[in-house]
S.K.: 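First, the structure itself, so that you have it in front of you.
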Amino acid sequence: MRNDDVKTIGILGAGRVGTALARRAVAAGFDVRIATSKPAADIAFLLEIMTPGAKADQAETAISAADIIILALPLSKYRALRPELFAGKIVIDAMNYWAPTDGILPEFEATSSSSEVIQAYLPDARLVRSFNHMGYHEIDEEARSPGDPDRRALALAGNDPQARRVVADFVDRLGFDPVDAGTLAASRNFAGGTPIFGAKLGRSEMQSLLEGKARALSTAGSDA
Ligand SMILES: NC(=O)c1ccc[n+]([C@@H]2O[C@H](COP(=O)([O-])OP(=O)(O)OC[C@H]3O[C@@H](n4cnc5c(N)ncnc54)[C@H](OP(=O)(O)O)[C@@H]3O)[C@@H](O)[C@H]2O)c1
């Protein structure tokens with residue numbers, strides 16, 4: 001898939017992050033479909049108010065129609081996703097593990113890279129982690145045109161280079177400077193508790209932080 005082929009965005013989750021991303025995606029000219037665990041009719045009115053221009057849908061049809069799917073549901077609900085629907089699809093994982101709200105989930109306690117757990121659960125999805133390190137209100141308020149000196153950077157990581165390129169273009173169209181951190185394992189470098197998480201950074205600052213982390217990882221590897 002080329003960047004220009006991306007027309008339809010399917011968002012799973014109509015909460016704080018899902019609706020913020022939907023508003024940006026509608027503003028950028030995408031066809032946006034949103035689904036939750038409820039029937040589409042139950043969220044149609046909410047979406048008319050919160051995300052004018054986005055369409056309420058069922059998960060199955062939203063996923064099938066979408067060129068990019070965004071996971072914006074609580075991480076604790078990931079096992080409700082049906083892996084077979086995601087085969088071959090580019091999927092953005094915007095979720096974070098936060099035990100006080102998600103509860104203690106052993107598979108996420110054991111890793112600092114929650115997206116690798118999600119990729120293992122959705123083995124045929126082309127998963128890219130992004131949008132997880134920015135607050136939902138900042139997605140709405142801090143989007144800027146390319147070249148704006150205040151434009152914020154957004155990191156992304158995934159194992160499929162072409163999916164990363166497509167997601168980078170999507171991030172750019174939503175109003176942020178994409179910074180490619182590399183494979184999904186590198187997504188731990190912008191997870192909760194890292195200096196990037198919640199920080200307002202420009203592209204070069206973020207690149208320096210991510211390159212420093214990558215160097216530290218490779219040094220640790222060569223010492224081992
Ligand atoms: N809040 C932030 O600033 C922020 C920033 C970055 C990332 N995140 C991450 O993004 C994710 C969502 O956060 P949020 O704050 O937007 O949560 P939220 O406001 O609680 O919204 C969660 C949404 O997910 C829906 N949902 C639940 N189960 C679902 C399922 N099986 N399929 C589809 N949708 C489902 C919920 O609707 P129903 O229950 O009606 O189905 C609800 O619309 C979390 O993992 C969070 O860590 C949050």
Side-chain angles (χ1 to χ4, degrees), residues 9-25 32-51 54-66 69-86 89 91-105 107-109 111-119 121-122 125 127-143 152-157 167 171 174-176 187-188 190-194 196-201:
I9 309 300
I11 302 179
L12 301 185
R16 289 162 287 192
V17 172
T19 57
L21 287 171
R23 286 188 287 276
R24 293 302 316 152
V32 179
R33 298 172 180 224
I34 309 184
T36 65
S37 63
K38 310 262 180 356
D42 288 12
I43 59 167
F45 181 61
L46 170 86
L47 296 189
E48 267 177 42
I49 296 165
M50 297 287 292
T51 60
K55 182 174 173 288
D57 205 345
Q58 297 304 131
E60 185 163 356
T61 41
I63 293 166
S64 157
I69 299 150
I70 304 177
L71 303 179
L73 60 153
L75 191 65
S76 58
K77 302 285 169 62
Y78 82 94
R79 286 188 183 277
L81 302 172
R82 288 168 51 199
E84 70 277 13
L85 299 181
F86 295 85
K89 291 283 188 177
V91 178
I92 299 177
D93 178 12
M95 303 183 291
N96 292 305
Y97 175 51
W98 179 236
T101 54
D102 288 313
I104 303 274
L105 302 171
E107 67 271 45
F108 296 106
E109 291 288 325
T111 178
S112 53
S113 175
S114 62
S115 288
E116 289 185 291
V117 176
I118 302 301
Q119 177 71 83
Y121 181 72
L122 305 175
L127 199 80
V128 178
R129 188 172 201 187
S130 194
F131 289 106
N132 67 298
H133 64 75
M134 186 178 281
Y136 71 97
H137 50 94
E138 297 168 326
I139 294 169
D140 268 324
E141 292 162 10
E142 303 210 353
R152 264 180 87 161
L154 257 173
L156 58 101
V167 171
V171 166
L174 257 61
F176 303 96
S187 68
R188 72 188 67 231
F190 53 91
T194 65
I196 288 176
F197 195 85
K200 181 171 178 170
L201 300 168

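Remember, it's 1-based here, ligands and their atoms both numbered in the order they're listed. Excluded from the calculations below are hydrogen atoms, water molecules and symmetry mates; all remaining heavy atoms, backbone and side chain alike, are included.
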S.K.: Using side-chain contact (heavy atoms from CB on, under 4.5 Å), reason through V171 and F131 one step at a time and then give a plain yes or no.
M.R.: CA-CA 8 Å; V171 166; F131 289 106; 3.9 Å; yes
S.K.: Salt bridge (Lys or Arg N to Asp or Glu O under 4.0 Å) with K38: which residues, sequence neighbours excluded?
M.R.: none
S.K.: Pairs of nitrogen or oxygen atoms, one from ligand 1 and one from the protein, closer than 3.5 Å: please tabulate them with distances.
M.R.:
residue  : atom   : partner : partner atom : Å
ligand 1 : 3 (O)  : Y136    : N            : 2.9
ligand 1 : 15 (O) : R16     : NE           : 3.0
ligand 1 : 15 (O) : R16     : NH2          : 3.2
ligand 1 : 16 (O) : R16     : N            : 3.1
ligand 1 : 16 (O) : V17     : N            : 2.8
ligand 1 : 19 (O) : R16     : N            : 3.0
ligand 1 : 19 (O) : R16     : NE           : 3.2
ligand 1 : 40 (O) : K38     : NZ           : 2.5
ligand 1 : 41 (O) : S37     : N            : 2.9
ligand 1 : 41 (O) : S37     : OG           : 2.4
ligand 1 : 43 (O) : A14     : N            : 2.9
ligand 1 : 43 (O) : G15     : N            : 3.2
ligand 1 : 45 (O) : L73     : O            : 3.2
ligand 1 : 45 (O) : N96     : N            : 3.3
ligand 1 : 47 (O) : N96     : N            : 3.2
ligand 1 : 47 (O) : N96     : O            : 3.4

S.K.: With sequence neighbours left out, which residue pairs that include part of residues 11-24 fulfil the salt bridge (Lys or Arg N to Asp or Glu O under 4.0 Å) condition?
M.R.: R23-D140
S.K.: Go through the structure and list residues passing ring-ring contact (aromatic ring centres under 6.0 Å, His included) with Y136, not counting sequence neighbours.
M.R.: none
S.K.: Do K200 and E138 sit within salt-bridge range, that is, some charged N less than 4.0 Å from a carboxylate O?
M.R.: no
S.K.: How many angstroms lie between atom OG1 of T51 and atom CD1 of I34, to the nearest 0.5 angstrom?
M.R.: 4.0 Å
